[in-house]
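Reading through the structure tokens given below for one structure.
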Amino acid sequence: MLYINLYKNKNKNSAQFGRVYGRVKNADPIGVAELAKHMSDHNTPYSQGVIKGILTDMVACIKELILLGQPVKLGDLGIFSAQVTSGSSADAAHFEIGKHIKNVHLLCKATGEIHQAKLTAEGLLGFTDLAQKIISGEAVLSNEKGKYLAGGE
């Protein structure tokens with residue numbers, strides 16, 4: 001289940017200042033070694049070390065392909081690709097990569113069994129205990145980033 005925490009927009013210059021939004025409460029990320037261990041625990045004939053080696057090579061190859069402009073589809077997980085944030089130029093003759101390309105982003109577009117509509121529709125979302133306390137009035141969002149106050153203080 002994906003657990004949802006609540007946060008308040010504190011940007012005073014935003015038209016949405018003070019509004020409350022939901023955000024996924026993620027656990028700490030796991031690395032290749034932890035993923036290999038998890039996979040080896042699923043009754044596979046391959047050891048954690050073999051799986052880790054394959055995953056390490058896979059990550060390197062996916063990065064190489066993406067940096068060559070080749071999207072990579074991983075089954076029903078997603079399509080990984082690169083995208084840029086670009087400023088504009090008055091005309092093509094004055095467009096400069098160093099000046100107009102602001103950022104390069106790694107994207108993952110959900111595919112197959114994990115597409116967006118299915119994730120949202122299947123009841124995979126629930127509030128964290130803290131979010132439930134905020135909703136019920138037992139706790140409130142504070143003015144400090146990431147801080148909450150119990151008992152509506």
Side-chain angles (χ1 to χ4, degrees), residues 1-11 14 16-87 96-151:
M1 179 172 291
L2 288 176
Y3 288 100
I4 305 298
N5 253 340
L6 301 176
Y7 75 96
K8 190 180 282 191
N9 180 336
K10 297 196 175 35
N11 180 352
S14 170
Q16 303 304 314
F17 175 73
R19 297 197 50 90
V20 176
Y21 294 86
R23 183 178 286 161
V24 172
K25 181 183 188 299
N26 287 311
D28 291 335
I30 64 169
V32 170
E34 294 87 2
L35 178 58
K37 167 104 174 69
H38 176 83
M39 291 172 69
S40 71
D41 290 342
H42 281 270
N43 298 319
T44 178
Y46 302 106
S47 71
Q48 178 181 346
V50 169
I51 295 170
K52 182 181 177 191
I54 291 168
L55 290 174
T56 299
D57 288 349
M58 180 187 83
V59 168
C61 288
I62 290 173
K63 286 193 303 189
E64 176 186 359
L65 290 167
I66 289 170
L67 291 173
L68 292 171
Q70 177 64 59
V72 177
K73 181 177 179 183
L74 293 181
D76 284 342
L77 177 62
I79 300 170
F80 293 81
S81 62
Q83 180 182 43
V84 298
T85 301
S86 175
E96 299 174 36
I97 287 178
K99 179 178 177 184
H100 295 99
I101 300 298
K102 307 298 181 190
N103 294 301
V104 178
H105 307 276
L106 176 64
L107 297 181
C108 178
K109 180 180 179 183
T111 60
E113 292 295 316
I114 198 165
H115 59 82
Q116 181 180 1
K118 187 167 186 171
L119 282 172
T120 306
E122 285 193 2
L124 298 174
L125 303 175
F127 286 115
T128 62
D129 290 343
L130 179 57
Q132 289 174 348
K133 287 180 180 178
I134 292 167
I135 291 167
S136 71
E138 296 174 52
V140 295
L141 292 166
S142 83
N143 291 330
E144 295 181 49
K145 185 176 180 182
K147 302 272 183 161
Y148 303 91
L149 300 173

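Sequence positions, counted from 1, serve as the residue numbers for this chain. Quick note: numbers below take in every heavy atom, side chains included, and nothing from hydrogens, waters or symmetry partners.
Taking CG from Leu106 and OG from Ser81, the interatomic distance works out to 7.5 Å, rounded to the nearest 0.5 Å. Rounding to the nearest 0.5 Å places CG of Leu55 at 11.5 Å from CD of Glu34. A distance of 12.5 Å separates NZ of Lys8 from OH of Tyr21, quoted to the nearest 0.5 Å. Between atom CG of residue Leu107 and atom CD1 of residue Ile66 there is a gap of 9.0 Å, rounded to the nearest 0.5 Å. Remark: Tyr3 OH to Lys25 NZ distance equals 10.5 Å, nearest 0.5 Å. Taking OG1 from Thr56 and CD1 from Ile54, the interatomic distance works out to 10.0 Å, rounded to the nearest 0.5 Å.
Shown here for Leu6 and Val20, the closest heavy-atom pair between the two residues is CB-CG1, 4.0 Å. Nearest heavy atom pair, residue Ile4 against residue Gly22, reads CG2-CA, 3.7 Å. Heavy-atom minimum distance, Ser14 versus Asn9: OG-ND2, 3.3 Å. Counting all heavy atoms, side chain and backbone alike, Gln48 lies closest to Ala36 at O-CB, 3.6 Å.
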Item to check | Residue pair Ile62, Leu74: steps toward the side chain to side chain contact (heavy atoms under 4.5 Å, CB included) verdict | outcome: CA-CA 10 Å; Ile62 290 173; Leu74 293 181; 4.0 Å; yes

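Atom CZ of Phe80 has more than 12 heavy atoms from other residues, nucleotides or ligands within 6.0 Å. Atom CG of Leu68 sits in a crowded spot, with more than 12 heavy atoms from other residues, nucleotides or ligands closer than 6.0 Å. Lys102 NZ: more than 12 foreign heavy atoms inside a 6.0 Å radius.
Using a 4.5 Å heavy-atom threshold, the side chains of Leu77 and Thr111 count as separate. Between Thr44 and Met39, every side-chain heavy-atom pair lies at or beyond the 4.5 Å cut-off. Residues Val104 and Leu67 are not in side-chain contact: their nearest non-hydrogen atoms beyond the backbone lie 4.5 Å or more apart.
Salt bridge annotation for Lys37-Asp41: present, with a cationic side-chain nitrogen under 4.0 angstrom from a carboxylate oxygen.
Checking side-chain atoms of His100 against main-chain N and O of Glu96 turns up a donor-acceptor pair under 3.5 Å.
Side-chain N/O atoms of Ser136 and Glu138 include a donor and acceptor closer than 3.5 Å.
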